Structure formats: C-alpha cells, structure tokens
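First up is the structure itself, then whatever we jot down about it.
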Amino acid sequence: MTEPVRPQIHLHDTLTGAKTPLETLEPGRCGVYCCGPTVYGLTHLGNLRAAVVPDVMVRFLRQQGLDVKYVRNITDIDDKIIKRSAEEGMPAQDLADKYAEEYHRDLADMNMLEPDVEPRVSGHLAEIVDLVGRLVNKGLAYAVDGDVYYRVKEFASYGKLSKRTLEEMLEGAGSRIEVDERKETPLDFALWKAAKPGEPAWESPWGPGRPGWHIECSAMSSTHLGQTFDIHTGGRDLIFPHHENEIAQSQGAHGDGTFARYWVHNGFINFDGEKMSKSLGNFFTTREITALYDPETVRYFLLTVHYRSGLNFELEVPCPACGAVLLKAAQEAGRCPACGAEHDDEALKRSVRFPGLEEAEDRLAYVYGTLAQARTFLDSAKRPGADEPPLEHTAGLLESFTGHMANDFNTGGALGALSKPLNEVNGLLAGGKGVSKPVRWATLSSFAADMGQVASILGCFDQEPAAWLARRRDAKAKRIGLDTGRVDELLVARRAARQAKDWGEADRLRDELTTLGVAVQDGPQGSTWDFL
RNA sequence: GGCGGCAUAGCCAAGAGGCUAAGGCGACGGUCUGCAAAACCGUUAUCCCCGGUUCGAGUCCGGGUGCCGCCUCCA
C-alpha cells in the first residue's frame, strides 16, 4: 500500500462564493453539521444526495487524519408533520418516529455512516426556548399573540448568504405571499408558533406552542458543536430562507463571527432535465429506486458528478405491456399509443428504466470484476522474493485520487482517476506479457490495498466482490425477467457442443442466449455469461 | 422584475491562469478468440459568441446569447 497522501484540502464556501483552503477552528479537529430531513414521508433521491455529500466529506476528512464530529439532525416537529399526521390519523410524534426509522433504513442500505450525534427537535425544546428568549431580550425578536418573530431589519447582514439585500427582498415580498399584518416587516420569520387547538405544544414564556422551522438548527448545532463550528451542509434550496435565517438567529444570539465557518451546498437532482420536486409530482422515493437497482449503484451514481452540479436522471418509460418507449404525453395520458394498453402511474414507475443507473451498475461490475480477479490472483500466486515497485498508474492511484478529493470533494474527478489503474491491472490480469512476476505481484497487491482506501472514502467498492457480482446478477435477472435456470441449461448444452467442436450448434445456442439478453464469455476455464 | 449559477467531443463529465484539455458511455480500427463476448491497445474536442487583462486563459474581467435555479414548502 502506498503512503498516505495529505494534500491541502480546499472547499467551496457558499458565503464567499469561492474555493478556499479548509482551516479548521481547532487544528486536527472538524465539526460538521448536516441539515437532515423533516420526517414526514419516505426519503427521496434528493434526501439521499444531501446525505451522501457530507457522508463522503466526513469519510475523507477522517481518512486525512482529522478528528471529525459529525452531527446530522432530524426535524421531528414541523407543520408538514402535523398536517400529515392529521391525514394519516396518527399522532404527530409517532409519525415522525416512523419516518425517522424509514430514513435510517434507507441510509443504512446506502452504506452511510451514522452521525456521531443525531439530535431531534423534540429533545431540544429547552435549548430552543432559551435561544428564542435570548433573541427577544436582545431586541432581535418580538412576541405577538403567542407567536415570536425575528426582527429581520435589526440584523445588519441579513441576506449575505443568499446574496440579496433586505430592500431587494422586500420588493418581491408581498406580491407572492400573504403578509401577516401582525409582523413588523413581511420578511420577519417565526421563531415560535402559538399552538392552535389540537396541535402538539410545548410550554414557553410566550404561551404553549412549537418552534418555528429554522430555530432548531441554530439551537442544536450550538448545543452539539458549539457556537462556532467548521462546516454546515445542506441542499442548495436551503440557502434561502433556512440557512439565511439560521445565520440571523445564531449570530444574532452569539455575535458576529460565530456559527458555521464554511457553507457547503449540494445541487439538485433533476429528472429529464426538470427539477425533482414534490409539488411537480415527479419525484422518486428511495424505495422505488432500490426496488429496481442495488443501493450501491445509486450511491455510485450520485458520486459520478461533482456535488455542486445538478444531477440528471434520464428516464425511459417502456410500456409495461408491449415495451414501446412512452413519451411524456403518453405517460401522462396513461395510454400506450403503440398497443393501446392503459397504465396508471404506479405501473409505469415499476417498469421505468434509468439508463444512468444502468451505466453506473455496469461500471461497478467492472470494478468489482477487476477486484475479484486481482484477489484470485493474489490468493493463488506466491509472493515473490524480490520487491519491485508497482506499475506507474497503479503506483499513482492514491495520490491522484486523493488530489481530486482534496479539491472540493471532487468525486467525479476522483472516480475518473481510477480508470488508468483499472486498465493497467486488467491488462496484467489478461496477459501482461513482458511484465515480471515481482512487478505483477506488486502492482496487484498495491491496487487491492489502495482500492481498500478508496472504498472507505467513497463507501463504494467495499463489499466482497464475488458476493456483490452474484447479487447484482440475481437482481438484474429479476429486473429484466431473465430465467437464469434456462441460461444454465443452454450453457451446459453449449459446452457439450463446443467440446464436440460442433460450432454450428454452439453458435445457435449462443444466439438463443443472446435473444434472452445474455452474452456468453468463453474463457480458458470454461464459459461464463453476463448481460448484454 | 430582482438575485445567483451554468455553458467543455455524438451523449455524460473533470479541469484550484502555464507540460500534448481527465475519465465514462457510444462509434470506428486492432490484439485475443473456432467465430464472438469480456479484457486490453489505438482513433474520436482548442472549450457558446464578441471584446479585454496577461509573456500565457477553458480557467480572470466586461458585454452578448442560451439554459437552470432561488425570491413560497422543498435536499
């Protein structure tokens, strides 16, 4: 294994809009706060991306030797939860607990680290009330009829994160949202909301009520990371108003220069170029995707693009009856123009294909296949007496990979850096003429060891290769409706034909396999197969 | 309307002012193979347009054009 590589880490900070060197508050330590989900439904791909970005960041920072404290909250008191609980006839807290559990399940499937602390709003009412009181005492907030609002115009730098001024925002406000007459300024936002009859409520100096949407993150981050900490992450859409308001609350209470030192925001997920959005109804839950694809495939796919960019999911919707690709209009009409069959959204969602995920899965299979072969070689070959350095690309793998990761967690570039070593190793495994045994051994063992490092940073490629390949085969066979028993029969028959050198019959059997969607691979150790 | 972001090959996508502009998919040619497949090797871009700064710009600045997002719940 190569020596650890420790380049200077740079990250893009939303506040300054620039890439800057990461200098933590305390040398060697790093506090990370991730805005977790409001738990009122199953997680969707957007939640996944918002989770995998800090996940890889934390993994990398730790691999670089930093002592990271990773805090990711769960918002379990919220208007949307209350609304949903009324719809489902389930107490709000039970509903929140249920979906928090589902969230954990999805993230565990995705091989996400558990945070060191996962605070919930319901466990931090005292801290929240305390913080609101502090803002009221400082004149930064005012109470009206049991509500408490933040006095936005008293916070001089309001708008600095979203790069807007108060004036600009006031111009737009009012035209789009109903203005609450009791607020001093339309932009003032709720820190505390008085309870209406039947709503969950907690006691406070302003009467029974619940926290507003933004205050919980200010309270929980300072509780678990201190008034000032290093990195705050979340989706781009949280910049305004959520994070802007967090800054106003936290710095209002604790002073300028406190709170998050770096802001990291991930881009959106799009479907066919359109923003995934609950209100547009074009969102997929994690479960809907993992019913079709391996979670690691999804994780890998999320990492193929830089986290700040948008990530597009191409969709292909075949007619469940005849397989004809349905265009948007046909999808919406719920009727196949080719065969006339009618389908509801659920049926279409079950048959949908994601070309991007399929490509990701194939790539993963390539990497695992390489890893499996390298493993087989190392297990069977004897370690040579002489020590030689590995081949060039493999020798440089970790340095190149780490360099990309240190450059604002560029997973796309980092993944690209694996290609040359992968080619080199496969070349060796396929023949490697002219390469001495010691060099071959050194290269393969260096590759295997360094890929272990890569795997621990990405949270990909870290499964047993043979097992992963077997599971992928089963899952894909199921997805495309392949009868693997039939494949095995044909393979046996073909082996006999090949042994008899009956090439005509062997080719006929191969054609039959091809129509099933199977590609045969003949090798020295017999024939294997893969998907076309 | 205000503000922000993006524009790199057929498609996707890295490029933190300076060697021949990563990588993936696809396509084409080759090695291997009974023929294939897989794997490997090779080919496939001067970076939306115009102007500027600089010894030097895909990278910085200004002006266009075109997409996208935020300004309302959203990851």
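Keep in mind that the numbers below use all heavy atoms, side chains included, and drop hydrogens, waters and symmetry copies. Letters A, B, ... mirror the listed sequences (proteins, then strands); counts begin at 1. Please read all numbers here as calculations on a predicted model, not as lab measurements.
- Checked against B:rA16, B:rA37, B:rC73, the side chain of A:Trp213 finds its nearest nucleotide in B:rC73.
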Write out a two-atom table: protein N or O, nucleotide N or O from nucleotides 3-11 of chain B, distance below 3.5 Å.
residue	atom	partner	partner atom	Å
B:rC3	O2'	A:Lys163	O	2.8

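- Listed nucleotides B:rA37, B:rC70, B:rA75 differ in distance to A:Phe240; the shortest reach to its side chain belongs to B:rC70.
- Using a 4.0 Å heavy-atom distance criterion, A:Val305 is classed as a sugar-phosphate-only contact.
- Dashed line: the shortest gap from a side-chain N or O of A:Asn410 to OP1 or OP2 of B:rG15 is under 4.0 Å.
- With a cut-off of 3.5 Å on both Watson-Crick or G-U wobble distances, the partner of B:rG62 is given as B:rC50.
- Figure legend: cation-pi geometry between A:Arg164 and A:Phe240, with NZ or CZ positioned under 6.0 Å from the six-membered ring centre and within 45° of its axis.
- Atom CD of A:Glu392 is separated from atom P of B:rC41 by 13 Å (rounded to the nearest Å).
- Across the protein-nucleic acid pair, A:His12 atom NE2 and B:rG15 atom C1' stand 16 Å apart, rounded to whole Å.
- In this structure, A:Trp529 does not reach the B:rA38 phosphate: none of its side-chain N or O atoms is under 4.0 Å from OP1 or OP2.
- For B:rC40, one of the phosphate oxygens OP1 or OP2 lies less than 4.0 angstrom from a side-chain nitrogen or oxygen of A:Tyr366.
- Of the charged side-chain nitrogens involved, none lies within less than 4.0 Å of a carboxylate oxygen, so that A:Glu102 and A:Lys98 do not count as a salt-bridged pair.
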**OP:** Kindly indicate, with the supporting measurements, whether the criterion side-chain contact (heavy atoms from CB on, under 4.5 Å) is fulfilled by A:Tyr150 and A:Asn245.
**Re:** CA-CA 9 Å; A:Tyr150 192 95; A:Asn245 292 350; over 6 Å; no

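- One interatomic measurement links the two molecules: CD of A:Gln525 to C1' of B:rA38, which rounds to 14 Å at whole-angstrom precision.
- The residue among A:Ala406 and A:Glu424 whose nearest nucleotide of RNA chain B is located toward the 5' end is A:Ala406.
- Across B:rG64 and B:rG58, the matching P atoms stand 23 Å from one another, rounded to whole Å.
- The base-pairing partner of B:rG4, taking Watson-Crick or G-U wobble contacts with both distances under 3.5 Å, is B:rC68.
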**OP:** Determine, step by step, whether A:Asn111 and A:Glu296 satisfy the side-chain contact (heavy atoms from CB on, under 4.5 Å) criterion, reporting the C-alpha distance in whole Å, the side-chain angles of both residues, the deciding distance to 0.1 Å, and the verdict.
**Re:** CA-CA 8 Å; A:Asn111 199 18; A:Glu296 188 175 352; over 6 Å; no

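- Side chains of A:Tyr70 and A:Asp55: a donor-acceptor N/O pair is absent below 3.5 angstrom, by distance only.
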**OP:** Determine, step by step, whether A:Asp530 and A:Arg472 satisfy the salt bridge (charged side-chain N to carboxylate O under 4.0 Å, His left out) criterion, reporting the C-alpha distance in whole Å, the side-chain angles of both residues, the deciding distance to 0.1 Å, and the verdict.
**Re:** CA-CA 11 Å; A:Asp530 199 354; A:Arg472 177 251 184 179; 3.1 Å; yes

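- Across all strands shown, nothing is found opposite B:rU20 as a Watson-Crick or G-U wobble partner with both distances under 3.5 Å.
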Subject >> Contact pattern, 5' to 3', of nucleotides 17-34 of chain B - B, S or - by protein heavy atom under 4.0 Å >> reply: -----BSSS--------B

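- For the side-chain hydrogen bond (donor to acceptor under 3.5 Å, both in side chains) with A:Asn407, the qualifying choice from A:Gln8, A:His12, A:Lys19, A:His306 is A:Lys19, the only one to do so.
- Salt bridge present: A:Arg210 and A:Asp79 bring a charged side-chain N and a carboxylate O closer than 4.0 Å.
- Here the NE2-CD distance, from A:His104 to A:Glu118, works out to 3.0 Å after rounding to the nearest 0.5 Å.
- B:rC68 and B:rG29 are spaced 39 Å apart, taking the P atom of each and rounding to whole Å.
- Side-chain N/O atoms of A:Asn426 include one lying less than 4.0 angstrom from OP1 or OP2 on B:rC40.
- Side-chain contact check for A:Val121 versus A:Asp78: every heavy-atom pair is 4.5 Å or farther apart.
- Each of A:His10 and A:Thr38 was assigned the nucleotide of RNA chain B with the nearest heavy atom; the assignment lying further toward the 5' end belongs to A:His10.
- The phosphate of B:rA14 has OP1 or OP2 within less than 4.0 Å of a side-chain N or O from A:Ser309.
- Distance noted for atom C1' between B:rC41 and B:rG62: 47 Å (whole Å).
- Across all strands shown, B:rC73 forms no Watson-Crick or G-U wobble pair with both distances under 3.5 Å.
- Candidate nucleotides B:rA38, B:rA16, B:rG69 were compared by shortest atom distance to the side chain of A:Phe268, and B:rG69 ranks first.
- Within the 4.0 angstrom heavy-atom criterion, only backbone atoms of the sugar-phosphate kind lie near A:Gly235; the bases stay farther away.
- Under the Watson-Crick or G-U wobble criterion, with both distances below 3.5 Å, B:rA27 is paired with B:rU43.
- Comparing the same atom, C1', in B:rC19 and in B:rU53 gives a spacing of 24 Å after rounding to whole Å.
- We find that A:Arg105 and A:Glu101 are not joined by a salt bridge, their nearest charged nitrogen and carboxylate oxygen being 4.0 Å or further apart.
- If you take atom P in B:rA9 and the same atom in B:rG23, they sit 16 Å apart, rounded to whole Å.
- With a cut-off of 3.5 Å on both Watson-Crick or G-U wobble distances, the partner of B:rG34 is given as none.
- Spacing between B:rU8 and B:rG66 at atom C1', rounded to whole Å, works out to 16 Å.
- Pairing partner, B:rA57: none, since no Watson-Crick or wobble contact has both distances short of 3.5 Å.
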